[in-house]
Colleague: 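Before anything else, here's the structure in question.
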Amino acid sequence: MKKRYFIDKIADYVGQEVIIRGWLYNIRTSGKLMFPQLRDGTGIIQGVVSQKEVSEKVWEDFKKLTQESSLIVTGTVAKHPKKEEYELHVKDVEVIQVAEAYPITPKDHGIEFLADHRHLWVRSQRQTAIIKVREEIIKACRDYMYDNGFTLFDSPIFTPNAAEGTTTLFSSDYFDLGKAYLAQTGQLYAEAGAMAFGKVYDFGPTFRAEKSKTRRHLTEFWMIEPEMAFYDIYDDMDLIEDFIVYIVERVIKSRRKELDILERDITKLEAVKKPFPRITYDEAVEIINKKNVPLIRKKADGGEEEIRPFPWGEDFGAPHEEAVVEDYDRPVMVYNWPSEAKAFYMKRDPENPKVVRGVDVLAPEGYGEIVGGSEREDDLGLLESRIKEHNLPMDAFGWYLDLRRFGSVPHSGFGMGIERVVCWLCKLDHVRESIPFPRLMYRNRP
RNA sequence: UCCGAAGUAGCUCAGUUGGUUAGAGCAUCUGACUGUUAAUCAGAGGGUCGCAGGUUCAAGUCCUGCCUUCGGAGCCA
């Protein structure tokens, strides 16, 4: 195999001659000296080209290089005279391609322009750092599951039925079988897996055709969904807490360099420790009312009205989540939700049938809901009546009801949206930076 | 879907109460500079002012419609 050198490991080669294969990130000239910034995907290193130390051809080659031109550079690694980093004293260059005028210049750009050039934007230092953190989060998720006895049990992306109502599904024709929908969750299938393996998870893209245009929504996003037999809601919350702490610790430990590039305040992440506060929906409403945060509702005439106190039974909006979370330095778990605000499969609390044993985990620093979980309804009759209440087609759920006919057990699970976790850990303003090619309501290219 | 804002050079923007040939920085090209850090300095090229109508002696600027994008709300992970 050909010997390969990479910029992130360049400190091992001080005083030695190396070959860097990559792209020109930027170049500064100063008379008989040039300072090309070389990028190879693992990092950036400054080159030093001195006219009196290189051939005329090398000097002329560098003069014609443009931003993002591809090249192979041979040189000697040395300590930077002013900074705590290394530089490459260039001896030779092989120009692979001189790039056309590169659209993403070192100055500011608007978000529309950057989004249109996402295929090039991903080369920039900030974007590569985000994608590295994303990778670490995903690897940490899978490692946690593997190390704790979960079996990977992936669910289909084409599904014949909706799990949480029909308004938010993408549909397509499926041969002679009518419509197929893109999955909005793999949970129902994961429940089948939990009855086979005890503890499973699925992990893949999910799709929601919600016409929501916010900094937190994608139409295509990745979700990890663990599902566990013989877990009640409290076991579920124990697991969620342990899982999130593990992921945050991994990112702090393994992606320090990227967090620094992103200028992330790491002390905020180091505060994410067990135990997370656990408060009921009722207690959350009390906090909201103590802070006098109203529910804003649209009126028939198009105007808005502010309702105080917060009416029991309503789901929380962003200001309510913020009110609940702002006093804490770590994620907050809100559980025992009003049943009408939540999905049909959540188990009713035997002590209070008005609430279900569902839990939302709200991230600190205003990042909102990152996890939604619940204990599942394990009683056949109650589940059937809930499907009827939600006006869902009973026949589509035949196989799912079988899980309650053949060895039904108490079980729980949750779903964690990867992009929202990436946003939180990287402190991003918008989910569009949390995935290489975001799909948004108003954008599906490049 | 609703509310709000914006579209002027490849990019980011300025453009006054409507008034000569629409400007700046970056990028590109030419040149200067042996330690630059979004380098700097001198010069050059680069425009269907989103689209379509309208008002006016005169429209980037005022009016109407449309398109696109951005921000927010609701819903959610």
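Letters go in sequence order (proteins before strands), and every chain restarts at 1.
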Colleague: Which listed nucleotide (G74(B), G35(B), A77(B)) is nearest to the side chain of Pro319(A)?
Modeller: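 The answer is G74(B), which lies nearest to the side chain.
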Colleague: Of the options Gln187(A), Glu377(A), Arg386(A), which is the one that meets Tyr345(A) in a side-chain hydrogen bond (donor to acceptor under 3.5 Å, both in side chains)?
Modeller: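 So the option named by the test is Gln187(A).
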Colleague: Among U34(B), A77(B), U1(B), which is the nearest nucleotide to the side chain of Arg420(A)?
Modeller: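 Per side-chain heavy atoms of Arg420(A), the pick is A77(B).
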Colleague: Can you figure out which of G35(B), C33(B), A73(B) approaches the side chain of Lys32(A) most closely?
Modeller: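 The listed nucleotide nearest to Lys32(A)'s side chain is C33(B).
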Colleague: What's Pro103(A) touching, base or sugar-phosphate or nothing? Going by heavy atoms closer than 4.0 Å.
Modeller: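 If one applies the 4.0 Å heavy-atom cut-off, Pro103(A) turns out to touch nothing in the nucleic acid.
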Colleague: Scan Thr206(A) against the nucleic acid and name what it touches under 4.0 Å (heavy atoms): base, sugar-phosphate only, or nothing.
Modeller: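 Answer is nothing: Thr206(A) stays at 4.0 Å or more from every strand.
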Colleague: Measuring only the P atom in each nucleotide, how far is G25(B) from U64(B)? A whole number of Å is fine.
Modeller: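 That atom pair is separated by 36 Å.
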Colleague: Please state how far atom OH in Tyr25(A) lies from atom P in A39(B), giving the value in whole angstrom units.
Modeller: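 Distance check: Tyr25(A) OH to A39(B) P gives 11 Å.
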Colleague: Quickly work out the Arg432(A) CZ to C70(B) P distance and round it to whole Å.
Modeller: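 Arg432(A) atom CZ is separated from C70(B) atom P by 6 Å.
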Colleague: Using a strict cut-off of less than 4.0 Å between a Lys/Arg side-chain nitrogen and an Asp/Glu carboxylate oxygen, indicate whether Arg348(A) and Glu389(A) qualify as a salt bridge.
Modeller: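 Looking at Glu389(A) together with Arg348(A), the answer is yes, because their closest N to O distance falls below 4.0 Å.
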Colleague: Without decimals, in angstroms, what is the distance between Leu114(A) CG and C11(B) C1'?
Modeller: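 Leu114(A) atom CG is separated from C11(B) atom C1' by 10 Å.
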Colleague: For residues Asp40(A) and Thr42(A), is any side-chain donor paired with an opposing acceptor at under 3.5 Å?
Modeller: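 Side-chain D/A pair, Asp40(A) to Thr42(A): present.
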Colleague: Return the stacking result for A77(B) and Phe221(A): yes when the ring centres lie under 5.5 Å apart and the planes under 30°, no otherwise.
Modeller: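 Phe221(A) ring centre within cut-off of A77(B) base, planes near parallel; stacks.
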Colleague: Can you tell me, in whole Å, how much space there is between the P of G15(B) and that of G7(B)?
Modeller: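 Result for the P pair: 10 Å, nearest Å.
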Colleague: When the nearest nucleotide of RNA chain B is assigned to Ser30(A) and to Phe316(A) on a heavy-atom basis, which residue is associated with the more 5' position?
Modeller: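 Upstream on the strand: Ser30(A).
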Colleague: Nearest whole Å is fine: how far is G35(B) P from Glu53(A) CD?
Modeller: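 The distance from CD of Glu53(A) to P of G35(B) comes to 13 Å, rounded to the nearest Å.
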Colleague: With P as the reference atom in both, quote the distance from U1(B) to G10(B) in angstrom, rounded to an integer.
Modeller: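 32 Å, rounded to whole Å.
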Colleague: With a 3.5 Å cut-off and just heavy-atom distances, do the side chain of Glu87(A) and the base of G35(B) make a donor-acceptor pair?
Modeller: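 Check passes, donor-acceptor contact within cut-off.
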Colleague: Is the closest side-chain donor-acceptor distance between Gln67(A) and Thr105(A) under 3.5 Å?
Modeller: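 No - no donor-acceptor pair under 3.5 Å links their side chains.
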Colleague: Can you give me the dot-bracket string for RNA chain B, 5' to 3', counting Watson-Crick and G-U wobble pairs with both distances under 3.5 Å, using [ ] for crossing pairs and | for partners on another strand?
Modeller: (((((((..((((.....[...)))).(((((.......))))).....(((((..]....))))))))))))....
Colleague: Find the distance Glu210(A):CD to A73(B):C1' and express it as a whole number of Å.
Modeller: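 The answer, rounded to whole Å, is 14 Å.
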Colleague: If I pick the P atom on U21(B) and the same atom on G65(B), what distance separates them, to the nearest angstrom?
Modeller: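 Looking at atom P only, G65(B) and U21(B) are 32 Å apart.
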Colleague: Could you measure between the two P atoms, the one in G46(B) and the one in C3(B), and give it in whole Å?
Modeller: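 The same atom, P, in both gives a distance of 44 Å.
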Colleague: Produce a footprint string for nucleotides 22-31 of chain B: one letter per nucleotide, 5' end first; B if the base is under 4.0 Å from any protein heavy atom, S if only the sugar-phosphate is, - if neither.
Modeller: ---SSS----
Colleague: Send over the distance from His80(A) NE2 to G35(B) P, rounded to a whole Å.
Modeller: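 Result: 13 Å.
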Colleague: Between the base of C75(B) and the side chain of Arg216(A), is there a donor-acceptor distance below 3.5 Å?
Modeller: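 For Arg216(A), whose side chain was compared with the base of C75(B), there is no donor-acceptor pair (under 3.5 Å).
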Colleague: Give a yes/no verdict on a cation-pi contact between Lys354(A) and Trp312(A), requiring under 6.0 Å between NZ or CZ and the six-membered ring centre and an angle within 45° of the axis.
Modeller: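 Positive - Lys354(A) is close enough to the ring of Trp312(A) and near enough to its axis.
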Colleague: Can you tell me how far P in A24(B) sits from the matching atom in U36(B), rounded to whole Å?
Modeller: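 These two P atoms come out 29 Å apart once rounded.
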Colleague: Of the listed nucleotides (U12(B), A73(B), C70(B)), which one gets closest to any side-chain atom of Thr214(A)?
Modeller: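 Nucleotide nearest to Thr214(A)'s side chain: A73(B).
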Colleague: For Val421(A), which contact category applies under a 4.0 Å heavy-atom criterion: base, sugar-phosphate, or nothing?
Modeller: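 No contact at all - Val421(A) keeps every heavy atom at 4.0 Å or more from the nucleic acid.
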Colleague: Listed by chain and number, what are the ring pair (Phe, Tyr, Trp, His ring centres under 6.0 Å) partners of His89(A), not counting sequence neighbours?
Modeller: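 Residues passing ring pair (Phe, Tyr, Trp, His ring centres under 6.0 Å) with His89(A): none at all.
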Colleague: Identify the residue among Ile45(A), Thr128(A), Ile44(A) that makes a side chain to side chain contact (heavy atoms under 4.5 Å, CB included) with Arg39(A).
Modeller: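 Filter result, single survivor: Ile44(A).
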Colleague: Given that Arg28(A) and Leu440(A) both sit by RNA chain B, which one's nearest nucleotide is further toward the 5' end?
Modeller: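 Here Arg28(A) is the residue nearer the 5' end.
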Colleague: On the side chain of His217(A), is there an atom forming a donor-acceptor pair with the base of C76(B) - under 3.5 Å, no angle test?
Modeller: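 Answer is yes: a donor-acceptor pair is held.
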Colleague: If only side-chain N and O atoms count, and only distance matters, is there a donor-acceptor pair under 3.5 Å linking Glu375(A) with His411(A)?
Modeller: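 Short answer, no.
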Colleague: Just to be sure I understand the rule, does Met223(A) reach a base, reach only the sugar-phosphate, or reach nothing, if contact means heavy atoms closer than 4.0 Å?
Modeller: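 Sugar-phosphate only.
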Colleague: Compare the minimum distances between each of G35(B), C76(B), C33(B) and the side chain of Pro81(A), then state the nucleotide with the smallest one.
Modeller: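 Of G35(B), C76(B), C33(B), G35(B) is nearest to the side chain of Pro81(A).
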Colleague: Between Phe113(A) and His117(A), how do the two ring planes meet: parallel, tilted or perpendicular, split at 30° and 60°?
Modeller: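 Taking His117(A) first and then Phe113(A), their aromatic rings sit tilted (interplane angle of 30° to 60°).
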Colleague: Extract all donor-acceptor atom pairs below 3.5 Å that involve side chains of residues 95-102 of chain A and protein atoms in other chains or at least two apart in sequence.
Modeller:
from: Tyr102(A); atom 1: OH; to: Leu120(A); atom 2: O; distance (Å): 3.2

Colleague: Is there a donor N/O on one and an acceptor N/O on the other, under 3.5 Å, for the side chain of Gln46(A) and the base of U36(B)?
Modeller: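 Indeed, a donor on one side and an acceptor on the other fall under 3.5 Å apart.
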Colleague: I need the CG-P distance between Leu88(A) and G35(B), as an integer number of Å.
Modeller: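 To the nearest whole Å, that distance equals 19 Å.
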Colleague: Going by side chain to side chain donor-acceptor pair (under 3.5 Å), name the pairs with one or both residues in residues 427-437 of chain A, residues two or more places apart or in two chains.
Modeller: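 Found Arg126(A)-Glu433(A), Gln127(A)-Glu433(A).
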Colleague: Select one nucleotide: of A77(B), U34(B), G35(B), the one nearest the side-chain heavy atoms of Leu218(A).
Modeller: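 Closest nucleotide to the Leu218(A) side chain: A77(B).
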Colleague: Once you round it to whole Å, what is the distance between P of G10(B) and NE2 of His117(A)?
Modeller: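 Taking atom P of G10(B) as the reference, NE2 of His117(A) is at 12 Å.
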Colleague: Return a table of donor-acceptor pairs under 3.5 angstrom between the side chains of residues 15-27 of chain A and protein atoms on other chains or two or more places apart.
Modeller:
from: Glu17(A); atom 1: OE1; to: Lys91(A); atom 2: NZ; distance (Å): 3.1
from: Tyr25(A); atom 1: OH; to: Gln125(A); atom 2: N; distance (Å): 3.3

Colleague: Could you please name the option among C70(B), U12(B), G35(B) that lies closest to any side-chain atom of Phe113(A)?
Modeller: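 Per side-chain heavy atoms of Phe113(A), the pick is U12(B).
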Colleague: Counting side-chain heavy atoms from CB outward, which of U36(B), C33(B), A77(B) is closest to Glu369(A)?
Modeller: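 The answer is A77(B), which lies nearest to the side chain.
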Colleague: Using atom C1' of each nucleotide, how far apart are C76(B) and U69(B) to the nearest Å?
Modeller: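 Those two atoms are separated by 24 Å.
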Colleague: Can you tell me how far P in C26(B) sits from the matching atom in U40(B), rounded to whole Å?
Modeller: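 Those two atoms are separated by 7 Å.
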Colleague: Consider only side-chain N and O atoms of Asn336(A) and Arg357(A), and report whether a donor and an acceptor are under 3.5 Å apart.
Modeller: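 No - no donor-acceptor pair under 3.5 Å links their side chains.
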